[in-house]
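Order of the sequence lines sets the chain letters (A, B, ...), proteins ahead of strands, with each chain counted from 1. Hydrogens, waters and symmetry mates are skipped; everything else that's a heavy atom, side chains included, is used.
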Amino acid sequence: MTNAEIAAAFEQVADLLEFQGSNPFRVRAYRNAARTIEDLPEPVAKIVADPQRSLTDFEGIGKDLAEKVTTLVGTGSLPMLQELLAEIPESVLAILRVPGLGPKRAAVLYRELGIASLDELREACQSEKVRALKGFGAKTEAAILQGLDIASEAQRRILWAQADEQVQAILDHLRPCPAIEQLQPAGSYRRGKDTVGDLDLLAVAKDAKRAMDHFAAYPGVADVLLRGETKMSIRLGTGLQVDLRVVPAESFGAALQYFTGSQAHNIVLRSLAKSRGLKVNEYGVFRGTKAIAGRTEEDVYGALDLPCFPPELREARREFDWAQAGALPRLVELGDIRGDLHAHSTWTDGVATIEEMAAAAKQRGLKYLAITDHSKRVAMVNGLDAKRVRRQWAEIDKLNARLKGITVLKGIEVDILEQGGLDLDDDVLAEADWVVASVHYGQNQPREQITRRVVEALQNPHVSAIAHPTGRMLRQRRPYEIDLEAVFKTARDYGKLLELNAHPVRLDLDDVACAAAKNHGVLVVISTDSHRVDGLGAMRFGIQQARRGGLTKEDVANTRTWTQLKKIVGKR
DNA sequence: GCCGTTTTCGGCCCGACTGTTTTCAGTCG
């Protein structure tokens with residue numbers, strides 16, 4: 001069983017227990033354990049199999065949950081979960097996803113009216129049976145019906161890049177408002193999560209009412225969900241929910257800290273404060289009733305003797321341990337990047353010439369750019385055979401002779417063939433500065449076969465890196481199945497790199513995988529896989545993920561000069 | 001169910017908003 005599957009089982013247990021009205025802290029214990037396991041940089045099965053190690057060493061996993069994990073790994077199922085499912089139909093869990101309905105009310109609906117599915121819920125609301133229940137009323141009934149519509153509207157998380165567009169548009173709308181003095185987006189958007197569920201905006205305003213009126217007048221607003229003194233929620237026509245909070249200037253830092261989250265990070269922070277006789281809320285840090293911090297985030301963390309964590313690290317993973325040890329990693333930054341090592345040109349499916357790409361890279365301050373067009377197997381895009389790639393490289397040599405301030409590397413994105421092996425002969429690859437290998441075909445093969453192909457490619461002396469190693473290549477396609485553990489191990493043993501493809505919809509090496517690579521001592525290379533000049537701008541998406549994975553400048557290969565880098569990958 | 005510079009019991013983050021209440025429970029983040 002994979003970590004994700006084990007985590008999902010625990011999440012389901014938590015949902016069911018919550019529905020049953022169990023001790024909320026017990027529910028939280030299951031959710032915490034699910035998170036811990038999901039974030040683990042190695043397969044939990046490996047830890048279980050190792051007699052030297054114990055699952056209870058991990059945060060939030062005690063004796064009981066360690067046993068349950070062992071059961072799940074060994075048998076693939078969990079008796080406790082089966083028992084819960086025998087008592088409660090799985091379909092009721094969908095009801096918990098309806099906005100405004102939590103475990104308490106869902107349980108009343110199930111107990112009093114036998115409602116066990118979304119369809120039954122809609123039916124009961126429409127026939128006005130729900131309003132008769134104690135604690136419910138006509139307004140609640142209407143709210144549930146509206147919530148049902150939202151739930152069925154595939155209300156899923158959107159990609160960070162899509163959220164970014166909407167954030168910028170809203171900020172542009174809000175900034176001219178004279179009542180607003182400070183404005184800052186928070187939430188998972190600020191933490192740079194690969195996907196965003198809703199947006200949180202934070203403002204300091206002379207006049208909260210005017211600020212909210214201005215917010216409500218944003219042309220993209222479809223619906224005002226709620227509006228109070230300090231908080232207002234709207235839903236955009238795009239389906240995205242946006243919350244605006246108005247806070248006093250002396251609380252701005254505390255509010256920014258609080259609304260940036262994550263929730264798990266805040267829980268740890270507040271517990272820590274409590275153990276020191278302090279209280280943290282969105283208005284500040286308090287000793288008794290006296291505020292001792294709140295204006296800036298630095299003050300808030302500082303009052304607790306903590307460094308101001310970069311938002312990307314605030315996930316209650318390891319940041320508090322790092323801070324305690326005084327060893328918070330200095331995360332990689334966009335400015336550290338010296339070169340881009342995956343780009344296409346008009347020779348295959350790119351839309352810009354090599355020279356145009358090089359000029360754009362130089363303009364972005366890069367010192368080198370590898371042109372890695374496809375090899376011949378990708379016939380659809382006129383992939384390069386030995387003859388054409390050599391012609392391209394001769395042209396790059398000529399180009400380099402007249403370019404100043406940037407070096408174009410002679411690269412290739414060589415296909416890892418279905419039956420194994422690479423799409424170009426070793427004598428050709430040997431002439432390249434930079435070789436990325438990737439799986440484009442045979443993605444439905446069994447896990448062992450794909451793993452073998454990639455591992456074999458990593459063992460080829462001419463290969464520099466594997467592109468999209470987790471197989472998350474296209475948004476709409478399911479990633480291929482691969483034994484990442486084996487890939488990390490081989491990459492480490494052979495001194496090869498794994499590529500974090502920074503395309504906004506192709507986040508192939510996510511934050512957890514980045515952390516795992518680091519854990520295995522494997523360097524990551526962040527590349528944009530650009531097919532056009534503005535594609536080079538996607539580097540920032542990759543940086544975000546790498547930062548979330550705790551990667552420093554040293555963990556990312558393309559922060560090196562090309563001279564340093566080619567020693568790492570053993571090129572001439 | 002986890003956890004321990006108040007350690008094996010008794011805690012577990014904290015506040016805003018809403019609707020149905022007549023002082024508060026439920027939900028959300």
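Between A:Phe541 and A:Trp160, the ring planes are perpendicular. Angles over 60° get that label, and only those under 30° would be called parallel. Using the six-membered ring where Trp is involved, A:His520 and A:Phe488 have ring planes that are parallel, under 30° apart on the 30 and 60° scheme.
Note that CG of A:Leu331 and NZ of A:Lys553 are 13.5 Å apart. Values are rounded to the nearest 0.5 Å. Distance CE/A:Met1 to OG1/A:Thr75: 8.0 Å, rounded to 0.5 Å. Between A:Phe10 atom CZ and A:Asp15 atom CG the span is 13.5 Å, to the nearest 0.5 Å. Atom CD1 of A:Ile234 and atom CG of A:Leu199 lie 9.0 Å apart (nearest 0.5 Å).
Using atom P as the reference point in both B:dT22 and B:dC17, the two lie 23 Å apart (nearest Å). Rounded to whole Å, the P atom of B:dC14 lies 25 Å from the corresponding atom of B:dC9. Across the C1' atoms, B:dC13 and B:dC28 are found 14 Å apart, a figure rounded to whole Å. For the C1' atoms, the distance from B:dG1 to B:dT6 is 22 Å, rounded to whole Å. For the P atoms, the distance from B:dT8 to B:dC3 is 16 Å, rounded to whole Å. Taking atom P in both B:dA16 and B:dT21, one finds a spacing of 24 Å when rounded to whole Å. Using atom P as the reference point in both B:dG10 and B:dG15, the two lie 25 Å apart (nearest Å).
Minimum atom distance to the side chain of A:Ala29 is reached by B:dC2, of the listed B:dC13, B:dC14, B:dC2.
Neither OP1 nor OP2 of B:dT5 sits under 4.0 Å from any side-chain N or O of A:Ser275. Taking 4.0 angstrom as the limit, A:Lys279 places a side-chain polar atom (N or O) nearer than this to OP1 or OP2 of B:dG15. For B:dT18, the OP1/OP2 oxygens have no side-chain nitrogen or oxygen of A:Arg227 closer than 4.0 Å. Taking only side-chain nitrogens and oxygens, A:Asn266 never comes nearer than 4.0 Å to OP1 or OP2 of B:dC13. Within the structure, a side-chain polar atom (N or O) of A:Lys68 is placed less than 4.0 Å from OP1 or OP2 of B:dG1.
B:dC17 is paired with B:dG26 under the Watson-Crick or G-U wobble criterion, all donor-acceptor distances under 3.5 Å.
Contact annotation for A:Asn32: no contact, since no heavy-atom pair falls under 4.0 Å across all strands. Among the heavy atoms of the strands, none lies under 4.0 Å from A:Ser233. At the heavy-atom level, A:Ala138 lies under 4.0 Å from the strands shown only through sugar-phosphate atoms. Among the atoms of the strands shown, only primed sugar atoms or phosphate atoms (P, OP1, OP2) are found under 4.0 Å from some heavy atom of A:Lys63. Nucleic acid contact for A:Leu269: none, since no nucleic acid atom lies under 4.0 Å from a heavy atom of the residue. Counting any heavy atom pair closer than 4.0 Å across all strands shown, A:Val268 reaches no nucleic acid atom.
Each of A:Leu225 and A:Phe25 lies near DNA chain B, and the nucleotide nearest A:Phe25 is the one positioned closer to the 5' end. When the nearest nucleotides of DNA chain B are assigned to A:Gly60 and A:Leu133 by heavy-atom distance, the more 5′-ward of the two goes with A:Gly60.
Defined by atom type and a distance below 3.5 Å, a donor-acceptor pair is missing between the side-chain atoms of A:Asp508 and A:Thr470. Between the side chains of A:Thr552 and A:Asp555, at least one donor N or O sits under 3.5 Å from an acceptor N or O.
B:dC14 atom C1' lies 11 Å from atom OH of A:Tyr283, rounded to whole Å.
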Find every protein N or O atom lying less than 3.5 Å from an N or O atom of nucleotides 24-29 of chain B, and list the pairs.
from: B:dT27; atom 1: OP1; to: A:Gly102; atom 2: N; distance (Å): 2.8
from: B:dT27; atom 1: OP1; to: A:Gly102; atom 2: O; distance (Å): 3.2
from: B:dT27; atom 1: OP1; to: A:Arg105; atom 2: N; distance (Å): 2.9
from: B:dT27; atom 1: OP2; to: A:Lys104; atom 2: N; distance (Å): 3.2
from: B:dT27; atom 1: O5'; to: A:Gly102; atom 2: N; distance (Å): 3.4
from: B:dC28; atom 1: OP1; to: A:Gly100; atom 2: N; distance (Å): 2.7
from: B:dG29; atom 1: N7; to: A:Gln263; atom 2: NE2; distance (Å): 3.4
from: B:dG29; atom 1: N2; to: A:Tyr258; atom 2: OH; distance (Å): 2.3
from: B:dG29; atom 1: N3; to: A:Tyr258; atom 2: OH; distance (Å): 3.1

